[in-house]
There are 2 protein chains.
Amino acid sequence: MKQPDVSWGAPRPERADAARNRQHLIATAREMLAELGPDRLTMDALAERSGLGKGTVFRRFGTRAGIFGALLDDGERAFQEQVLCGPPPLGPSAPPLDRLVAYGQARVRFLMEHQVIARAALDGRQPIPAGSQSPLSHTHIRMLLGQIDLGPADLDLLAIQLTAALDGPLLLYLSAATLTQSPQRFEQQLSDSWQDLVRRVCRP
Amino acid sequence: MKQPDVSWGAPRPERADAARNRQHLIATAREMLAELGPDRLTMDALAERSGLGKGTVFRRFGTRAGIFGALLDDGERAFQEQVLCGPPPLGPSAPPLDRLVAYGQARVRFLMEHQVIARAALDGRQPIPAGSQSPLSHTHIRMLLGQIDLGPADLDLLAIQLTAALDGPLLLYLSAATLTQSPQRFEQQLSDSWQDLVRRVCRP
DNA sequence: GGCGTAAGCGGACTTTACCCCGTTTAACTG
DNA sequence: CAGTTAAACGGGGTAAAGTCCGCTTACGCC
């Protein structure tokens, strides 16, 4: 399987037709997702509906999960913008601990809003890290930890742990067959317990 | 897809032939795993080599990942024994905080020893939570948390978070394409940072 | 505008997980 | 031991992921 070109610092830009097709595929995928649900969004169907060949679909996204990944990234761009340049407490100019708390809460909200996609983007096969989705998330948390005085600690691993602690409960919820409570209530619980966890870990 | 009978408090015991076949399948799967690696362990091949029908294989394990799950459980039984009845600091009779630390370290060791299986047991499709593998793990952590005085806290969610914080880095490592350091070294780092995390969370 | 070439394209092909359903059989009942 | 029934079995069938390779086309260069 060819790598779906994630290599951004890449040698050559994308050819015009390729870019057009990617756009078209993502749009079509969005439609199908809304219309048919994730299970019926198959590679064959996507290829046919978009009027392109199967090979094309695979070259663009590499794997089925790749499509959902692309869909998620698309939404995540806006989110990331907020995080990097938005108003406090999320954006800079708030104290790092507050930002950390706010970040987790925002991420919870974001993923809850994109449940369906996030769920489908989980894929066990080799290509992508399965447990902790977004390297972006990890990077951001790592950065904030660096601005907090934590005494001696392996910040890299701590960041991974916190990322997992953030995503884990969400994944558990998303992949639970039977939802026992309202999404809103759960979202609130998650926010609260994230805040609690971070406060515990970071208190002096 | 029928549920692979996990329903322990079950209505009926397993029929004799079924039990025999399960045993046989697990043994054959072990052989094939050692001999061919996880990728070549396909359902068809397993069925043929064990002299049983495909249908049988699926009824027993429900899904491909189910096989690896079963293999893992098999090993986990012994592990769980240690946890519940073994000598301190893992077993009872040690203070709960020490047990919590020891538990995480033991689990890290266990999963590192069963890398191949653990990795293959990851499956993105519906059945199993991807983030927090083992309900056993979560249950045990939850139980230990109950014995520690943590002030006001949502212990259930905290247990989920800690389970995720324990598994997350492992999953990340297991699913990483390129391993940048020695397993031993990584195992040590994980143990250390688990200890650090738990101490931080649980200090008064 | 012609030309060379590497990227992109398509769709038949292969592989594999998973389903279905008619048949067999373990286990209980009298 | 004969009868009943629900569980287990088998293996052919289906659908969907992912691969291959010969053809086509965008794009930089003269």
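A, B, ... follow the sequence lines: proteins, then strands. Residue 1 opens every chain. This is a predicted model, so every value here is computed, not measured.
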*Asks:* Starting at CG of Leu52(A) and ending at P of dT24(D), how long is that distance when rounded to a whole Å?
*Replies:*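 For the pair Leu52(A) CG and dT24(D) P, the rounded distance is 17 Å.
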*Asks:* Run the salt-bridge test on Asp196(A) and Arg200(A) with the 4.0 Å N-O cut-off and return the result as yes or no.
*Replies:*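 Yes, charged N to carboxylate O under 4.0 Å.
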*Asks:* Collect all protein-nucleotide pairs involving nucleotides 27-30 of chain C in which both atoms are nitrogen or oxygen and the distance is under 3.5 Å.
*Replies:*
unit_1: dA27(C); atom_1: OP1; unit_2: Ala16(B); atom_2: N; d: 2.8

*Asks:* Can you measure Glu48(A) atom CD to dG11(C) atom P for me and round it to whole angstrom units?
*Replies:* 10 Å
*Asks:* Tell me which of Asp44(B) and Arg20(B) sits closer to the 5' end of DNA chain C, going by the nucleotide each one is nearest to.
*Replies:* Asp44(B)
*Asks:* Answer yes or no: is there a donor N or O on one side and an acceptor on the other, between the side chain of Arg64(A) and the main chain of Leu41(A), under 3.5 Å?
*Replies:*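 Answer holds: yes.
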*Asks:* Are the side chain of Arg99(A) and the backbone of Val83(A) linked by a donor-acceptor contact shorter than 3.5 Å?
*Replies:*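 Between the backbone of Val83(A) and the side chain of Arg99(A) there is a qualifying donor-acceptor contact (under 3.5 Å).
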*Asks:* Tell me which nucleotide among dG11(D), dG10(D), dG18(D) gets nearest to the side chain of Arg59(B).
*Replies:* dG10(D)
*Asks:* Give, for atom CG of Leu90(B) and atom CD of Gln105(B), the distance between the pair rounded to the nearest 0.5 Å.
*Replies:*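 Reported to 0.5 Å precision, the distance equals 10.0 Å.
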*Asks:* Could you check how far CE of Met43(A) sits from P of dT16(C), rounded to whole Å?
*Replies:* 18 Å
*Asks:* Report the distance from atom CG of Leu46(A) to atom C1' of dG11(C), rounded to the nearest whole Å.
*Replies:*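 One finds 15 Å between C1' of dG11(C) and CG of Leu46(A), rounded.
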*Asks:* On DNA chain D, check which nucleotide each of Leu41(A) and Lys54(B) is closest to and give me the residue with the more 5' one.
*Replies:* Lys54(B)
*Asks:* Can you measure Arg22(B) atom CZ to dC9(D) atom C1' for me and round it to whole angstrom units?
*Replies:*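 Those two atoms, CZ and C1', are 15 Å apart.
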*Asks:* Taking the side chain of Ala18(B) as heavy atoms from C-beta outward, which of dG8(C), dA8(D), dG10(C) is closest to it?
*Replies:* dA8(D)
*Asks:* Nearest 0.5 Å please: distance from the CZ atom of Phe61(B) over to the OG1 atom of Thr56(B).
*Replies:*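 Interatomic distance, Phe61(B) CZ to Thr56(B) OG1, rounded to 0.5 Å: 10.5 Å.
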*Asks:* Five pairs per end, C1' atoms only: what is the angle between the end axes of the helix from dG1(C)-dC30(D) to dG30(C)-dC1(D), to 10 degrees?
*Replies:*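 Rounded value for the end-axis angle: 20°.
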*Asks:* When you measure from the side-chain N and O atoms of Thr63(A) to the phosphate of dA17(D), is any distance below 4.0 Å, counting only OP1 and OP2?
*Replies:*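 No, no such contact exists.
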*Asks:* Write down the distance between NE2 (His24(B)) and P (dC9(D)), rounded to a whole number of angstrom.
*Replies:* 12 Å
*Asks:* Taking the inter-plane angle between the rings of Phe110(B) and Phe79(B) on a 0 to 90° scale, is it parallel (under 30°), tilted (30 to 60°) or perpendicular (over 60°)?
*Replies:*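 Plane angle under 30°, so parallel.
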*Asks:* Return the nearest nucleotide to the side chain of Thr56(B); candidates are dG11(C), dA17(C), dC9(D).
*Replies:* dC9(D)
*Asks:* Could you check how far CZ of Phe58(A) sits from P of dA17(D), rounded to whole Å?
*Replies:* 6 Å
*Asks:* Hey, does the side chain of Trp194(A) reach the backbone of Leu100(A) with a donor-acceptor pair shorter than 3.5 angstrom?
*Replies:* yes
*Asks:* Using whole Å, what does the distance between atom C1' of nucleotide dT24(D) and atom CG of Asn21(A) come to?
*Replies:* 13 Å
*Asks:* Check whether any side-chain heavy atom of Arg185(A) lies under 4.5 Å from a side-chain heavy atom of Gln189(A), and answer yes or no.
*Replies:*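 Touching, per the 4.5 Å side-chain cut-off.
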*Asks:* Is Glu14(A) close to Arg60(A) at the side-chain level, that is, under 4.5 Å between some pair of heavy atoms?
*Replies:* yes
